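Contents: one structure, followed by commentary.
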Amino acid sequence: IKVEDKLAINRYRVDEGRPHVRIKRHEDPSPQLLAMTKICPAGCYELTEDGAVEVSPAGCMECGTCRVVTSETGEIEWAYPIGGYGIQFKFG
Ligand code: SF4
């Protein structure tokens, strides 16, 4: 089974209007933030045409990788979703 197929098994309850991962305003993303466009396991990060990085946390698996990788740059605000929201893993 492919990773994409496994991810499709998970369920997400998105807290609309209160994203639990946010990127602070920036013009030149750090190498760490740029790296997230390649290493986020859920593909939540994208590089825009103007060179900024955007995040769409709706499919976030709450792995914390982006939080750790950018911990020294301070570009990301990260918190677990409030109770009842976020990912629900089908197999625990
Ligand atoms: Fe991606 Fe993990 Fe960060 Fe969620 S916590 S946005 S899955 S790297």
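These numbers come from a predicted model, not from an experiment. Computation of the quantities below employed the complete heavy-atom set of this structure, encompassing side-chain atoms and omitting hydrogens, waters and symmetry-equivalent molecules. Start at 1 and go down the list; that is how both ligands and their atoms are numbered.
The backbone N or O of Thr70 lies less than 3.5 Å from no partner atom in the side chain of Glu75, so there is not a single donor-acceptor pair. Under the 3.5 Å distance criterion, the side-chain polar atoms of His26 are matched with a main-chain donor or acceptor of Val53.
Val55 and Arg22 make their closest contact through CG1-CA, 4.4 Å (heavy atoms, listed as atom of the first residue, atom of the second, distance). Ile23 and Glu54 get closest at one heavy-atom pair: CD1-C, 3.8 Å.
Contact annotation for Met36 and ligand 1: only side-chain heavy atoms (C-beta onward) come within less than 4.0 Å of the ligand.
Closest to atom 7 (S) of ligand 1, if we only count protein heavy atoms, is Met61 N, 3.4 Å. In terms of protein heavy atoms, atom 1 (Fe) of ligand 1 is closest to Cys40 SG, 2.3 Å. Scanning the protein heavy atoms around atom 2 (Fe) of ligand 1, the nearest turns out to be Cys63 SG, 2.2 Å.
A 4.5 Å side-chain heavy-atom check between Arg13 and Pro81 finds every atom pair outside the cut-off. Within the 4.5 Å cutoff, the side chain of Met36 has heavy atoms near those of the Thr65 side chain.
Here Cys44 does not reach atom 2 (Fe) of ligand 1: none of its N/O/S atoms is less than 2.8 Å from the metal.
Within ligand 1, the atoms closer than 4.0 Å to a non-hydrogen atom of Thr65 are 8 (S), numbered from 1 in the order shown. Listed by number with element, the atoms of ligand 1 under 4.0 angstrom from any heavy atom of Tyr45 are 6 (S).
With Gly64, Cys60, Cys66 as candidates, the residue nearest to atom 4 (Fe) of ligand 1 on a non-hydrogen basis is Cys60.
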